[in-house]
Amino acid sequence: MNEKITISDSLRSLLSKKTKVVVLTGAGISAESGVPTFRGKDGLWKKFRPEELATFDAFMANPKLVWEWYEYRRKIIEEIEPNQGHLALVDFQNYFDKFNLITQNVDGLHHKAGSKNVVELHGNIRRNKCIRCGKIYESLEGTIEGTPPRCPCGGNIRPDVVWFGEMLPQDAINHAFAVSSECNLFFSIGTSAVVHPAASLPLIAKRAGAYVVEVNISPTEITHLVDESLFGKAGEILPSLVKFFK
Ligand code: BV8
Ligand code: ZN
């Protein structure tokens with residue numbers, strides 16, 4: 001399915017190279033690749049609530065359970081490929097003179113699809129770090145085997161992702177705030193827009209006068225305030241939007 005979708009004249013006129021575009025993605029853009037979303041019916045949280053696993057306290061209380069949950073997610077991610085939605089965003093990046101891709105996802109699929117300078121607000125599940133000395137590990141080489149593995153300094157190794165209650169990487173969120181407040185066109189794609197501060201980016205763009213478009217299979221927390229909602233799968237909607245590029 002790649003036929004043309006119906007978009008407004010306003011959006012159509014904004015799909016020109018000169019428009020400054022920011023895209024925010026969430027778990028929904030990876031759904032068609034087979035990555036379970038967080039809050040959907042097949043959501044990752046079906047057995048546990050976010051606060052039970054994706055927090056530092058949860059890791060300190062039960063490092064084995066939290067580590068195994070991430071290992072389970074890494075296994076899913078190792079076997080999957082970017083989908084048409086990720087690939088369309090590479091076309092977006094090649095078309096628009098000013099384009100910024102910001103993601104809440106930790107699966108690395110935008111990078112794998114060929115997107116450049118991806119801003120990962122919540123880190124990357126493939127990377128790890130030591131909770132004691134902060135050493136970053138791109139692979140587990142050099143760590144002491146265990147569940148979780150240990151750093152030679154004695155500290156536990158944890159996934160290099162941002163947990164609830166943790167600050168986002170300062171440069172990432174500052175860059176995201178800056179470009180969202182200067183763009184003409186902002187896309188919120190495949191996110192329920194409940195997790196802050198990422199969820200404030202569409203509002204910042206809207207307040208700065210950008211035209212805000214949501215791409216989602218169902219309404220979200222921000223549907224009432226965006227300028228245009230394109231309901232459907234990101235893997236179908238985004239390639240259809242590419243057809244409007246002049
Ligand atoms: C912080 C990494 C402060 C880990 C993640 C009350 C009000 C406001 C804020 C808070 C509050 N209480 C607590 C907070 C803060 C909290 C927060 O926002 N909580 C929420 C739940 C209320 N935020 C934080 O803690 C952040 N840090 O605030 O620090 C601070 C200040 C001072 C000092 C210290 C700290 C940190 C948040 C980051 C958490 N980490 N991930 C991991 O992955 O394990 S969040 C996690 O949720 C993922 O990153 C995910 O991307 C993100 C957001 O979820 P979505 O991506 O939107 O996924 P979801 O499943 O919800 O939705 C999927 C959507 O896709 C749906 O809408 C669905 O319809 C759609 N969809 C499905 N299929 C498709 C599709 N769309 C299109 N096509 C399809 N095919
Ligand atoms: Zn260490």
Side-chain angles (χ1 to χ4, degrees), residues 24-46 48-59 66-67 69-70 72-74 76-77 83-86 88 102-110 120-137 142-144 148-170 172-173 187-202 214-223 229-238:
L24 170 70
T25 60
I29 196 161
S30 297
E32 291 156 83
S33 294
V35 182
T37 62
F38 285 81
R39 295 163 188 85
K41 59 185 178 344
D42 65 344
L44 282 165
W45 306 114
K46 56 181 178 299
F48 303 93
R49 285 180 311 104
E51 292 69 24
E52 284 169 343
L53 284 178
T55 69
F56 185 71
D57 292 348
F59 181 72
V66 175
W67 180 261
W69 183 59
Y70 281 90
Y72 154 71
R73 290 172 60 190
R74 283 173 178 138
I76 297 173
I77 285 166
N83 62 59
Q84 292 304 319
H86 296 105
I102 300 159
T103 189
Q104 300 171 87
N105 299 342
V106 296
D107 57 29
L109 284 178
H110 284 303
E120 293 182 319
L121 292 180
H122 296 157
N124 188 311
I125 201 169
R126 301 166 197 251
R127 216 177 29 243
N128 291 294
K129 66 182 176 188
C130 170
I131 61 165
R132 191 166 168 200
C133 69
K135 182 174 163 44
I136 297 284
Y137 286 89
T143 64
I144 299 143
R150 277 192 181 283
C151 173
C153 84
N156 268 340
I157 301 286
R158 59 163 279 183
D160 189 17
V161 298
V162 178
W163 280 332
F164 288 99
E166 294 188 324
M167 296 291 277
L168 276 60
Q170 210 54 53
I173 191 64
F187 286 94
S188 178
I189 301 170
T191 180
S192 54
V194 296
V195 175
H196 287 264
S200 60
L201 295 172
E214 180 172 51
V215 176
N216 202 305
I217 51 171
S218 55
T220 70
E221 299 278 316
I222 58 168
T223 302
S229 286
L230 302 175
F231 287 116
K233 291 182 175 178
E236 295 170 4
I237 297 241
L238 296 177

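Ligands are counted one by one from 1 in listed order, and the atoms in each one are counted from 1 as well.
At under 3.5 Å, not a single nitrogen or oxygen of Val161, backbone or side chain, sits near a nitrogen or oxygen of ligand 1. Between Lys233 and ligand 1, a contact under 3.5 Å exists for no N or O pair. Checked against a 3.5 angstrom limit, the closest N/O atoms of Glu32 and ligand 1 fall inside it. Between Thr220 and ligand 1, a contact under 3.5 Å exists for no N or O pair.
Here the CD1 atom belonging to Ile102 is positioned 12.0 Å from the OG1 atom belonging to Thr191, to the nearest 0.5 angstrom. The structure places NZ of Lys135 at 11.5 Å from CG of Asn128, a figure rounded to the nearest 0.5 Å. Ile131 contributes atom CD1, which lies 5.0 Å from atom CG of Asn156 (distance to the nearest 0.5 angstrom). A distance of 7.0 Å separates OG1 in Thr103 from CG in Leu24, rounded to the nearest 0.5 Å.
Contact atoms of ligand 1 toward Val194: 18 (O), 20 (C), 22 (C) (distance under 4.0 Å to a heavy atom of the residue). Near Tyr70, with a cut-off below 4.0 Å to any heavy atom, the atoms of ligand 1 are 4 (C), 42 (C), 44 (O). Those atoms of ligand 1 with a heavy atom of Asn105 less than 4.0 angstrom away are 51 (O). Heavy-atom proximity to Trp163, at under 4.0 Å, picks out these atoms of ligand 1: 36 (C). In the vicinity of Ala31, heavy-atom distances shorter than 4.0 Å reach the ligand 1 atoms 73 (N). Heavy-atom contacts of Ser192 reach the following atoms of ligand 1: 57 (O), 59 (P), 61 (O), 62 (O), 64 (C), 67 (O) (cutoff under 4.0 Å). Residue-ligand proximity, Ser218 to ligand 1, at heavy-atom distances under 4.0 Å covers atoms 69 (O).
Within the 3.5 Å criterion, the main-chain N or O of Asp107 finds no donor-acceptor partner in the side chain of Asn105. Formation of a donor-acceptor pair under 3.5 Å by the Thr55 side chain with backbone atoms of Ala58 is found in this model.
Of the candidates Met167, Glu166, Arg73, Glu166 brings a heavy atom nearest to atom 1 (C) of ligand 1. With His122, Glu120, His196 as candidates, the residue nearest to atom 17 (C) of ligand 1 on a non-hydrogen basis is His196. Considering each of Pro197, Gly165, Ala198, Gly85, the one bringing a non-hydrogen atom nearest atom 25 (O) of ligand 1 is Gly165. The closest heavy-atom contact to atom 63 (C) of ligand 1, among the options Gly190, Gly26, Ser200, comes from Gly190. Here atom 4 (C) of ligand 1 lies nearest to Val162 when heavy atoms of Val106, Ile173, Val195, Val162 are compared.
Across every non-hydrogen atom of Ile173 and Pro197, the tightest pair is CD1-CG, 4.0 Å. Taking every heavy atom of both residues into account, Arg73 and Val106 meet most closely at NH2-CG2, 3.7 Å. Here the closest non-hydrogen pair linking Gly108 and Glu120 is CA-OE2, 4.2 Å. Looking at every heavy atom in both residues, Ser30 comes nearest to Leu109 through OG-CD1, 3.7 Å. Heavy-atom minimum distance, Asn124 versus Val161: C-CG1, 3.9 Å.
Figure legend: Arg74 and Trp67 shown as a cation-pi pair, the cationic atom lying under 6.0 angstrom from the six-membered ring centre and within 45 degrees of its axis.
Using the six-membered ring where Trp is involved, Trp163 and Phe59 have ring planes that are tilted, between 30° and 60° apart.
Contact check on Arg158 versus Glu166 returns a salt bridge, with a Lys/Arg side-chain nitrogen under 4.0 Å from an Asp/Glu carboxylate oxygen.
Here 4 is the count of protein N, O or S atoms positioned under 2.8 Å from the Zn ion (ligand 2), waters not counted.
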